[in-house]
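In what follows, a single structure is set out as structure tokens and then discussed.
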Amino acid sequence: MDNQNTRQTERNQIPTTSNSFSTLEKLKQSQNTATSASFYSLRNLPTRLYQFQCVLHKHEILICGGQFQKACYSYHTLKNEYKFICEYPSWVFLDGHCIVKLVDDNNNEDSNEITLLSLGGHNKHTLIMKYASVWDNDNDNEMNKSNKSDNYNKWTYLTNNKNNKVYIGREYDNYQGMRAVIGGSSNHLLFITYHKNISVFDLTTFLFIKHNTLPTNDIIRYHCLILKSENEQEEKKSKNDMYISEMVLFCKQTGLSIEYDEYRNTFQFHELPVCKDIKQFCHYAYVYVNNAVLFFGGRGWEGDKYVVSRAIRKYLIQENTWITFEYTLPIPLFDCFGILNEDNTHIHIIGGSDDKKNIVSMHMKTRLRCWVDSKLTKDKMKIICQHWIRILKIRLGWINDFNTIIFKYIKGLEFLMLLEAHDNIVTSVRFSADGHRIVSASYDKTIRIWSVKSGRQIQIFRGHTDVIFCAKFSPDGYTVISCSRDRTIRLWDIKTETQRMEFKDDFNYIWDVDFSPDGRYIVLGLHDGTIRLWNAHSGIEIKRLLGHSENVWSTQFSSDGEMLVSSSYDTMINLWSVESGEQLKQFKGNSSVATFSPDDTFIASCSLDNTIRIWDIKTGTELKILKGHTNQINDIKYFPDGQTIISCSSDRTVRLWSVALGKEIRILKGYHPARCVDVSQNGHAIVSGFDDCKIRIWGLNS
């Protein structure tokens, strides 16, 4: 249907602004039905819009033009209000244009100013706008009237360093319905997809550097184009330190994974599946978040019949699969726009046209978790788990159902980001108590602190002269403690970024170290089989616990600080009283790591024999053996709810286990031996360190 006659027919389908009252009535009525229960009406647009473009700027959604409309507005997501910004110049005719936000690495994240680039459309244009927030009413921060009032919040020509006008586009190409994204190693490359082509424009030289034909039979316009985030491109650099930009494109029957090699200036294309019920559509709204692309509505042809969709679909990039939701848009829509708010909690669906060709002014939003996290919430899951544990006599069918529920819940975990800075094996990773930071240690003799939100390294500590085995935050988060093969324990002050204290044992490797929950004591596991308790402030040894005959690999305080658990190469797990130093219990069978359950009633341990064992502290009995890993297990942790265990292994996997069922419920692949693992205190994130010197973070949708 993409021949000349079809294009002329589509021209005849331009929506009108009549009968908009009936459309609004439909929306109000449909919001009382089950299919649209997830959408909430917001204040209507100041004018009816379709084929417009939006950009997010902090708590503002900037709405730029549209066919038959030159006005630009700012919508404030917190105030639910609009403000006029400006209009396009009178000579500009908007018909399928595109807007992108230019990225300047020198810009302050807190700045109220950004630069927008407007380009393309049937009648091509190339303009920029330096935007300063129209919501800033503070006189001290208001635009400088002598300078900014003339230069900001209006569309002007894009110019190069010599102040010459720059035009992005080739003379005979049709850019109607084009899409563009910005990428490259310095966010300096503009990728443009249109008709059957893809072009690369260098924003530093203001020149096209590559044109390529897309491998498709479809006319590519009013389509989906996204740039995969850096955190989802795990291997970003090749042997020659080249940067690969990865994109995903969908339009009608076409699905493409696109890789651009910046160093070689070459493209690679790989075909992606397109679900059957979206193959005839384009002109949809789409939102890219958490390794998934959500599609809302769209228009196309079924045979010779013109149709508008109200369906909501999701493409999972990592799984390479599609989902069509039971819930739908309140009304059929196309040429609307979908965009996330700043907090990534809601999707806004704005404007567009309905199946009667009426341009609408409606604006609605829906919770992101309704579409990205269709699994059970953490709170609901906790209630189910607690109820299951309380009931002792359960019919077999419910156990199978319960297994399915847990599996669906845990499947919400998605790869979030890759942390790279260490240049040797990562031996230890731990979250801070608030979950905002991670501390890591490595064979490279460094300790590094990372921001969980941005993935950036924010601090590095050097001082150890040999491999570091372990690094952990103090309970208050102000100190990091580490132990090393250089036979020292060191305390590092995070605020001053200095080493605060050093303890040395001339005859022993110190394999593990931990703070007591109140931060007053330090426990050490040593090569000579002893466990030592020290005062964290004075460095004075308080107790020495004897009971192991070989290396003590791990030590941990109970949540109340009254007990200690230790594991050793002698295959014994010992339970100790902190106050008396007495050995309370001994469990035989595992040797690597032992950890308390959150309520201190169970101990989970792992070993070189590829198994995980769960022990009842009160009775001293072994309750379960979990099998599935194919190589030695290096670390293990409980989730905060006590119902799930996570483990990592030299078999190159991180695995999640149901405690109640004693079964593996999820495998996360790291492609390299995994040395260490931790779970944030809210249970929403997992971090693991690997032999390839990298740290990987997975997150649970919330």
Side-chain angles (χ1 to χ4, degrees), residues 38-40 42 53-62 75 77 99-101 103 109 179-183 187 191 223-234 245-250 255 257-258 272 275 278 284-298 311-325 327-329 333 336-350 363-375 377-378 408-409 411-418 452-455 684-686 696-702:
S38 297
F39 287 89
Y40 306 91
L42 300 172
Q53 292 281 287
C54 293
V55 170
L56 182 69
H57 173 52
K58 302 175 79 171
H59 290 297
E60 297 178 58
I61 297 174
L62 307 182
Y75 171 77
T77 58
I99 300 285
V100 293
K101 179 165 62 174
V103 180
E109 289 183 358
R179 296 290 181 255
V181 294
I182 289 179
N187 291 311
F191 297 94
H223 54 287
C224 164
L225 177 70
I226 61 102
L227 180 77
K228 291 177 67 175
S229 68
E230 288 185 14
N231 292 330
E232 289 166 11
Q233 299 179 42
E234 289 201 37
S245 294
E246 298 181 36
M247 289 158 278
V248 172
L249 180 149
F250 286 104
S257 172
I258 304 170
L272 297 176
C275 72
I278 201 174
Y284 28 57
Y286 60 92
V287 172
Y288 171 49
V289 62
N290 292 352
N291 198 42
V293 186
L294 293 162
F295 295 82
F296 299 86
I312 301 172
R313 307 168 180 90
K314 176 167 69 171
Y315 173 69
L316 299 169
I317 294 176
Q318 191 170 354
E319 293 85 351
N320 198 26
T321 58
W322 285 84
I323 295 171
T324 299
F325 292 95
Y327 292 108
T328 66
L329 290 168
L333 278 177
C336 54
F337 202 95
I339 191 167
L340 281 166
N341 67 346
E342 185 184 37
D343 300 326
N344 283 7
T345 56
H346 289 84
I347 300 170
H348 289 250
I349 304 296
I350 307 171
H363 183 171
M364 55 189 170
K365 70 177 181 180
T366 180
R367 293 183 187 276
L368 176 65
R369 67 185 184 188
C370 295
W371 313 107
V372 176
D373 183 14
S374 57
K375 319 296 186 292
T377 65
K378 181 174 179 288
K408 287 183 177 180
Y409 170 65
K411 196 167 177 63
L413 286 167
E414 296 178 348
F415 177 78
L416 297 181
M417 64 180 70
L418 188 75
V452 173
K453 183 177 181 180
S454 68
H684 289 177
I686 293 169
R696 291 168 174 84
I697 300 177
W698 291 267
L700 183 63
N701 295 327
S702 58

Note, Leu294 side chain near Phe325 side chain (heavy atom, < 4.5 Å): yes
Measure the spacing between CG of Leu340 and CG of Leu368 and express it to the nearest 0.5 Å. 6.0 Å
Any idea which heavy atoms bring Met417 and Lys453 closest together, and the distance? CE-O, 3.8 Å
Residue pair Arg313 / Tyr284, side-chain heavy-atom distance below 4.5 Å: no
Looking at Gly297 and Leu329, what are the two nearest heavy atoms and their distance? N-CD1, 3.6 Å
Using the salt bridge (Lys or Arg N to Asp or Glu O under 4.0 Å) criterion, which residues pair with Arg179? Sequence neighbours excluded. none
Would you compute the distance between atom NE2 of His684 and atom CG of Leu416 and round it to the nearest 0.5 angstrom? 12.0 Å
Can you name the residues that form a side chain to side chain contact (heavy atoms under 4.5 Å, CB included) with Val248, not counting sequence neighbours? Ile226, Lys228, Phe250, Leu272, Ile317
Ile258 versus Glu246: any side-chain heavy-atom pair under 4.5 Å? no
Check step by step if side-chain contact (heavy atoms from CB on, under 4.5 Å) holds for Thr77 and Glu342. CA-CA 9 Å; Thr77 58; Glu342 185 184 37; over 6 Å; no
In Å, rounded to the nearest 0.5 Å, how long is the span from CD1 of Ile99 to SG of Cys54? 9.5 Å
How are the rings of Tyr327 and Trp371 set relative to one another: parallel (under 30°), tilted (30 to 60°) or perpendicular (over 60°)? perpendicular
Ignoring hydrogens, what is the shortest heavy-atom contact between Val100 and Ala180? Give both atom names and the distance. CG1-O, 3.4 Å
Residues in side chain to side chain contact (heavy atoms under 4.5 Å, CB included) contact with His346, at least two apart in sequence or another chain: Asn341, Lys365, Arg367
Under 6.0 Å between ring centres: does that hold for Trp322 and Phe295? yes
Spacing of Leu227 atom CG and Ile182 atom CD1 [to the nearest 0.5 Å]: 10.0 Å
Measure the spacing between CG of Leu56 and CD1 of Ile61 and express it to the nearest 0.5 Å. 6.5 Å
Flag side-chain contact, heavy atom, 4.5 Å: His363 against Tyr75: yes
Rounded to the nearest 0.5 Å, what separates atom CE in Met364 from atom CZ in Phe296? 9.0 Å
Heavy-atom side-chain proximity of Ile349 to Phe39 below 4.5 angstrom: yes
Is the shortest side-chain heavy-atom distance between Cys336 and Ile350 below 4.5 Å? no
